[in-house]
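Read the numbers this way: they start at 1 and go in the same order the structure lists the ligands and their atoms. Since we're looking at a predicted model, the values are computed, not measured.
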Amino acid sequence: MALIGVFDSGVGGLSILDEALRQLPQHDYIYLADSANAPYGERSSDWIADRSLVLCRHLLDEGCDAIVLACNTATAQAIAQIRDSLAIPVIGVEPGIKPAAMRTQNGIVGVLATEATLKSDKFNALLATLPSNCQFIKQAGAGLVPLIEAGKANSEAALELLAIHLQGIQDAGADTLVLGCTHYPFLRKAIRKLLGESIAIIDTSEAVVKQLKRQLEATAAPDAKHGKQQLTFISSKDEHSLLAMANELMYSDMRLHHIQAKLLGNI
Ligand code: DGL
């Protein structure tokens with residue numbers, strides 16, 4: 001079986017890990033959260049690229065056979081450099097604007113992502129490939145990631161801040177909303193409360209894990225489906241709180257795994 005590294009600035013990538021455990025429970029995983037430095041979304045491109053590379057190298061040193069860059073912001077700023085530097089498959093995540101363009105009925109799509117993702121060349125190059133009759137209302141979700149990191153995804157404060165961020169998207173009449181940050185699926189309840197049930201919400205975690213599966217098949221990582229698989233959580237801030245958040249936010253049954261939590265050393 002393979003050892004897969006899943007990296008995010010904080011707890012957002014748990015939405016991807018959760019899907020990976022659903023689709024590919026037979027593998028071992030290391031989840032690495034750089035919560036001491038989250039949010040990444042308002043930091044400079046160079047900082048995000050350098051830090052992401054350092055942490056992905058750490059995952060390689062831990063023995064990972066593949067890495068999921070479970071962070072739209074890090075993918076936008078750093079995936080090319082990371083792929084050039086590491087000789088293992090690196091799978092990234094991108095806001096699902098392409099599936100959203102295919103899904104929308106009225107041609108109006110809201111995109112909620114971090115400022116760094118929305119400003120990135122990678123995102124804007126992707127946007128430029130999409131039909132011009134589709135209107136994208138882009139909104140940076142400033143302040144949302146710290147609330148989610150603090151375990152307040154379902155709080156009144158998160159609802160109020162989201163209401164402000166989603167106002168323009170709602171006013172424009174969007175029928176589709178792209179969640180362009182892996183933290184945001186944890187706000188799904190609040191989003192539904194504000195925008196109702198009819199808006200289509202696009203989150204790419206399922207597609208990302210399918211891509212991971214294809215990569216593992218291509219590199220012939222053997223599947224061994226016996227016993228409990230190892231699930232290691234590493235945090236640069238507080239490994240116990242990361243574990244508590246994983247238990248709270250993920251649907252996967254953690255009892256099916258051997259769990260370990262570690263503090264990231266001085267990196
Ligand atoms: N979860 C991340 C993303 O997908 C980053 C959020 C942040 O640290 O700002 O963009």
Checklist outcome for this item: Counting from 1 in the order shown, the ligand 1 atoms closer than 4.0 Å to a non-hydrogen atom of Cys181 are 1 (N), 2 (C), 3 (C), 4 (O), 6 (C), 10 (O)
Checklist entry - Do the side chains of Ile169 and Ile108 get nearer than 4.5 Å, heavy atoms only? => result no
Item to check | Sidechain N-carboxylate O distance under 4.0 Å for Arg188, Asp203 | outcome: yes
Checklist entry - Quick one: nearest non-hydrogen protein atom to atom 7 (C) of ligand 1, plus distance? => result Tyr40 N, 3.3 Å
Item to check | Numbering as shown, the atoms of ligand 1 that approach Pro39 to under 4.0 Å (heavy-atom distance) | outcome: 7 (C), 8 (O), 9 (O)
Checklist entry - Among protein heavy atoms, which lies nearest atom 10 (O) of ligand 1, and at what distance? => result Thr73 OG1, 2.6 Å
Item to check | Interfacing atoms of ligand 1 (cut-off 4.0 Å, heavy-atom, Ser9) | outcome: 5 (C), 6 (C), 7 (C), 8 (O)
Checklist outcome for this item: Heavy-atom nearest pair, Ile91 first then Ile79, reads C-CD1, 4.1 Å
Next on the checklist: Regarding ligand 1, does Thr114 bring an N or O atom to under 3.5 Å of one of the ligand's N or O atoms?
Outcome noted: no
Next on the checklist: Measuring only between side-chain heavy atoms, which start at C-beta, is His183 closer than 4.5 Å to Leu144?
Outcome noted: no
Item to check | Option passing side-chain contact (heavy atoms from CB on, under 4.5 Å) with Cys181 (candidates Asp8, Thr73, Val145) | outcome: Val145
Item to check | Step-by-step salt bridge (charged side-chain N to carboxylate O under 4.0 Å, His left out) determination, Glu19 to Arg22 | outcome: CA-CA 5 Å; Glu19 180 61 28; Arg22 197 179 69 78; 2.8 Å; yes
Checklist entry - Is there side-chain contact between Glu206 and Gln211, with heavy atoms separated by less than 4.5 Å? => result no
Checklist entry - Is Asp8 close to ligand 1, meaning an N/O of one under 3.5 Å from an N/O of the other? => result yes
Checklist entry - To the nearest 0.1 Å, how far is atom 9 (O) of ligand 1 from its closest protein heavy atom, and which atom is that? => result Gly41 N, 2.8 Å
Checklist outcome for this item: With heavy atoms and a 4.0 Å threshold, my read on which part of Asn72 contacts ligand 1 is both
